[in-house]
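Everything on this sheet refers to the single structure shown next.
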Amino acid sequence: MTHRTPAETDLAAAHEAVLTWFDAHARGLPWRAQGTSAWAVLVSEIMSQQTPVARVVPRWRDWMARWPAPSDLAAAPTAEVLRAWDSLGYPRRALRLKECAAVIAAEHGDRVPCDEETLRALPGIGAYTAAAVASFACGRRTTVLDVNIRRVLARVFDGHAHPKGALTKSETAWAAQFVPADGPDARHVAWNAGVMELGALVCTSRNPACEVCPLAEQCRWLAAGRPAGDDPARKPKTQAWHGTDRQLRGAIMAVLKAAEAPVARDLFTASATEFDGGPDGTFDAQGAAHEAVETAILRVREPGDGQRIGRLIDALIADGLAAESRAGLHLPH
DNA sequence: AAGGCGGGGGA
DNA sequence: TCCCCAGCCTT
């Protein structure tokens with residue numbers, strides 16, 4: 001599709017507006033403090049993928065205090081890593097982060113690389129995170145594009161309510177022209193961080209606060225009367241959370257994380273079978289995990305859960321999130 | 001290009 | 001209830 005390009009004077013005005021606004025309104029996120037290591041920034045980016053930043057902050061503090069360097073995390077037991085991940089969601093991110101730490105420790109001298117291509121090749125690091133680390137941790141001039149920045153650029157410079165579908169190379173090339181080309185590194189870094197912050201705090205997806213937006217004067221979307229436009233790659237059918245495989249996966253993971261000892265794999269299946277319509281509706285499972293399992297099953301019990309649990313446990317093992325031994329099911333070491 | 005993957009908080 | 005959130009990886 002064809003993108004609009006603003007006049008240079010408008011772009012310069014946009015730069016000043018965003019930088020001034022960011023200077024006054026930036027959240028005091030701990031990883032923005034002076035002296036934060038590149039590794040700590042990288043960890044914050046991984047934790048923030050699809051997760052509200054406010055929820056990340058306490059987990060990040062504990063995490064960095066415990067494993068300050070990549071080699072520290074690489075040496076940590078996977079079970080402890082998954083427990084420390086707590087309920088941030090998408091626990092596979094914790095596995096990728098540990099793998100990432102191992103590569104950095106073994107191949108990059110325990111130092112986070114600043115080259116975007118090198119970053120992109122690390123486990124769990126995609127286009128966004130590579131650019132974000134290169135910019136925020138290394139001061140490299142690059143084009144950072146997350147959901148917030150894409151939305152702000154789409155509205156201000158293109159007049160659309162939402163970015164179109166998946167990120168393309170042409171959109172990246174289009175967005176690159178807005179990043180300040182001159183001035184000190186702090187300038188383009190603040191542009192990237194500032195536009196992102198603007199998208200998170202003001203130019204939000206649903207109820208943007210245009211009345212306080214520093215880019216309101218030049219926003220094509222606002223000038224056009226904020227047309228609704230196409231929905232942003234919205235799923236045609238929103239899937240319910242209750243009763244889904246994802247909820248059940250999370251429940252099983254919660255049991256494994258809470259258990260002191262390995263949990264007998266039979267326990268899951270037996271419990272679910274009873275709830276599926278077993279003989280007397282009771283089960284006599286033993287062990288410390290009994291109550292936790294019962295709770296987990298009760299939260300999600302549906303006909304067929306017995307088979308689902310077995311299938312999901314196999315998937316968890318395949319994903320490396322769970323391990324199995326003669327003693328039973330447990331978190332991988 | 002599409003689908004899977006967690007979980008919590010707000011509208 | 002539905003939507004959103006500093007995405008990534010595999011078909």
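Numbers restart at 1 for each chain; the letters A, B, ... are given by sequence-line order, proteins then strands. All heavy atoms count here, side chains included; hydrogens, waters and symmetry mates do not.
The side chain of A:Arg206 has B:dG10 as its nearest neighbour among C:dC5, B:dG10, C:dA6.
Rounded to an integer number of Å, the gap from A:Trp191 CH2 to C:dA6 C1' is 17 Å. Remark: P of B:dG4 and CZ of A:Arg311 are 11 Å apart, rounded to the nearest angstrom. Counting to the nearest Å, the C1' atom of B:dG7 and the CD1 atom of A:Ile252 are 16 Å from each other. Counting to the nearest Å, the C1' atom of C:dC4 and the CD atom of A:Gln49 are 16 Å from each other. Protein atom CH2 of A:Trp85 is 17 Å distant from nucleotide atom P of B:dC5, rounded to whole Å. One can place CZ of A:Arg249 at 14 Å from C1' of B:dG3, the figure rounded to the nearest angstrom.
Counting any heavy atom pair closer than 4.0 Å across all strands shown, A:Arg32 reaches a base atom. Note on A:Ala127: only backbone sugar-phosphate atoms sit closer than 4.0 angstrom, heavy atoms only; bases stay farther off. Nucleic acid contact for A:Leu29: base, since at least one base atom lies under 4.0 Å from a heavy atom of the residue. At a threshold of 4.0 angstrom between heavy atoms, the contacts of A:Val147 are confined to the sugar-phosphate backbone, with no base atom among them. Counting non-hydrogen atoms under 4.0 angstrom, A:Trp31 reaches a base of the nucleic acid. Residue-level contact check: A:Thr129 touches the backbone only, with heavy atoms under 4.0 Å from sugar-phosphate atoms and none from bases.
Cysteine sulfur proximity is not satisfied for A:Cys210 and A:Cys203, their SG distance being 2.5 angstrom or more.
Checked for salt-bridge contact, A:Lys257 and A:Glu80 miss the test: no charged N lies under 4.0 Å from a carboxylate O. Salt bridge annotation for A:Glu116-A:Arg140: absent, with no cationic side-chain nitrogen under 4.0 angstrom from a carboxylate oxygen. Using a cutoff of 4.0 Å between basic side-chain nitrogens and carboxylate oxygens, A:Glu16 and A:Arg187 are scored as salt-bridged. In summary, A:Arg92 and A:Asp319 engage in a salt bridge, as defined by a charged side-chain N under 4.0 Å from a carboxylate O.
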Would you list the protein and nucleotides 9-11 of chain C atom pairs, both N or O, that sit under 3.5 Å from each other?
from	atom 1	to	atom 2	distance (Å)
C:dC9	OP1	A:Gly124	N	2.8

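B:dG6 sits 15 Å from C:dC3 when the C1' atoms are compared, rounded to a whole Å. Comparing C:dA6 with B:dA11, their P atoms are spaced 15 Å from each other, to the whole Å. Rounded to whole Å, the separation between the P atoms of C:dC9 and B:dG8 comes to 24 Å. Nucleotides C:dC4 and B:dC5 are separated by 16 Å at their C1' atoms, to the nearest Å. To the nearest whole angstrom, the two C1' atoms, one in B:dG9 and one in C:dC8, are 23 Å apart.
Note: the hydrophobic cluster containing A:Val156 also contains A:Leu201 (ILVMFWY, side chain heavy atoms under 4.5 Å, direct or indirect links).
Sequence order on DNA chain B of the closest nucleotides to A:Pro91 and A:Asn207 puts A:Pro91 first from the 5' end.
For the pair A:Ser205 and C:dC4, the criterion of a side-chain N or O lying under 4.0 Å from OP1 or OP2 is met. Between B:dG8 and A:Arg246, no contact under 4.0 Å exists linking OP1 or OP2 to a side-chain N or O.
Below the 3.5 angstrom threshold, one finds a donor paired with an acceptor across the side chain of A:Thr51 and the base of B:dG6.
Using a 4.5 Å cut-off on side-chain heavy atoms (C-beta onward), A:Trp174 and A:Leu153 make contact.
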### Message
Give the dot-bracket line for DNA chain B from 5' end to 3' end: parentheses for intra-strand Watson-Crick or G-U pairs under 3.5 Å, square brackets for crossings, | for inter-strand pairing, dots for unpaired.
### Response
|||||.|||||
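The aromatic rings of A:Phe178 and A:Phe157 lie parallel to each other, with less than 30° between the two planes, well short of the 60° mark. Classification of the A:Trp21-A:His25 ring pair by plane angle, with boundaries at 30° and 60°, yields parallel.
No more than 12 heavy atoms of other residues, nucleotides or ligands lie within 6.0 Å of CD in A:Glu117, so this atom counts as exposed by the packing criterion. In A:Arg27, the CZ atom is crowded: over 12 heavy atoms of neighbouring residues, nucleotides or ligands sit closer than 6.0 Å.
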